[in-house]
Amino acid sequence: MEQTKYLVVGSSHAALEAVTAIRMHDPDGSLTLLTRDPHLPYSPTVLPYVVSGRSAPDAIFLRDEKFFARQKVQLKRGTALKALHAERNAAELADGSEIAYEKILLATGAAPAIPPIPGLDQVSYHVLRTLDDATKLNAAIKNSKQAVVLGAGLVGMHAAENLVKAGASVTIVEMAKQLTDGYFDAIAAGLIEKAFTDNGALILTGSRVVKLAPSATGATLTLENGTTLEADLLLVATGVKPNMEYLAGSRVEHDRGILVSDTMQTSVANVWSAGDCAQAKGFYTDAKIMNAILPDATEQGRIAGMAMAEDPGLKKYPGGVPLNTYHFFGRHAISVGSSKVPEGGEMVTRFDEASGRYLKAIFSADNRLTGIYGVNEFFDGGVMCQLILRRVDLAPVKERFLANPLAVGRELMSKLWR
């Protein structure tokens, strides 16, 4: 049986950060990176730009073969983890072979969550999670005249914009009462919706597809209210679910994701998890949450790698803070932190309907930032996240901060991040 000291399963941000962290402290321990994807590592966040054609598929890779050679990493592409036999420190692969490990990181990400709609399995549809998905959707968009997007999260909205710009008639169907539910509030969602409808898209919020059937052009969708829609291109973008089927029969505890400690360790001593498949504590609560965003994947991967290599510089995970950015039709929206106003806290909003500029900032009773949201308002999401995590007292600069969060945020960063 093949053996390795460190086995990293996955190849995106969490996995790559873990590899770097391991090598910082243990430059020579045998290390294998296993990924089901046939391609070199890439970020899921770049896939909308592959769909639009702005990014060439062969120009998006995060690391090349030379990187893995320099880091003394054995890279196994196109090989999926079938089962984890944690009781004997072995990973069973899809081809039936096994790898014995001393320590393993599960950074297997997430896959599209396919809704149980009757007839969906009888029609052709697209999803968007891998590079191959993106290249297929890019080719299909060029020939689409009548497209339907199920789901109005960021993945669905990115794709819908590309379809609109390609000249297709686009309908977005969303079960929630607003677009981008869970990312932005009603005012921000209204501004995003207006941008889409101004460009010809049809938005059907509070709507549910109850049946699909094949048609001459592609698919016929029937909504709960009896309305029917025709589509020559159907994109299902109704969320994701963590990849963790390989845990069946293992002792690794999992809920909505793989449950981890503040050092990304699972319920099994030599098994760690990070990224979109991990369920770690939130910053605002000790309850364990899913926070599938790139900055968190990077941070969790770094912590996991340091813990696996027993790096004495390891610091515990501070908790997940939501951070999402979204660019649409030349505009942008950003959300950082919690939308809940703490007890005794304050919410300050500024909205210019004519220009479409909107800012909402939420503070605790002692003037610590807990959340900030904006449409066409400029501020640095990473800086805002650090202000929240570090619980910076904004009382001395609060008015200036609200007037210009970008400049004041960077001013604070230059003083505090030394």
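- None of I104, T266, L259, V9 except one satisfies the side chain to side chain contact (heavy atoms under 4.5 Å, CB included) rule with S273; the exception is T266.
- Screening residues 7-46 for ring pair (Phe, Tyr, Trp, His ring centres under 6.0 Å) gives no qualifying pairs among residues at least two apart or on separate chains.
- The pair D133-R129 does not count as a salt bridge, with every side-chain nitrogen at least 4.0 angstrom from each carboxylate oxygen.
- A salt bridge links K360 to D185: one of the charged nitrogens lies within less than 4.0 Å of a carboxylate oxygen.
- Counting non-hydrogen atoms of other residues, nucleotides and ligands closer than 6.0 Å to CG of D286 gives a total of 12 or fewer.
- Just one of I117, T171, I172, L235 meets the side chain to side chain contact (heavy atoms under 4.5 Å, CB included) condition when paired with L150; it is I117.
- Crowding of E343 atom CD: a count of heavy atoms from other residues, nucleotides or ligands under 6.0 Å not exceeding 12.
- Here the side chains of E65 and L75 are in contact, with some heavy-atom distance below 4.5 Å.
- Between E310 and K103 there is a salt bridge, since at least one side-chain N of the basic residue sits less than 4.0 Å from a carboxylate O of the acidic one.
- Under the side chain to side chain contact (heavy atoms under 4.5 Å, CB included) test applied with V173, the options L223, V149, T238 reduce to a single match, L223.
- Ring-plane geometry between F328 and F196 is classed as parallel, the angle between the planes falling under 30 degrees on a 0 to 90 degree scale with a further cut at 60.
- Using a 4.0 Å cut-off between charged side-chain N and carboxylate O, K82 and E92 make a salt bridge.
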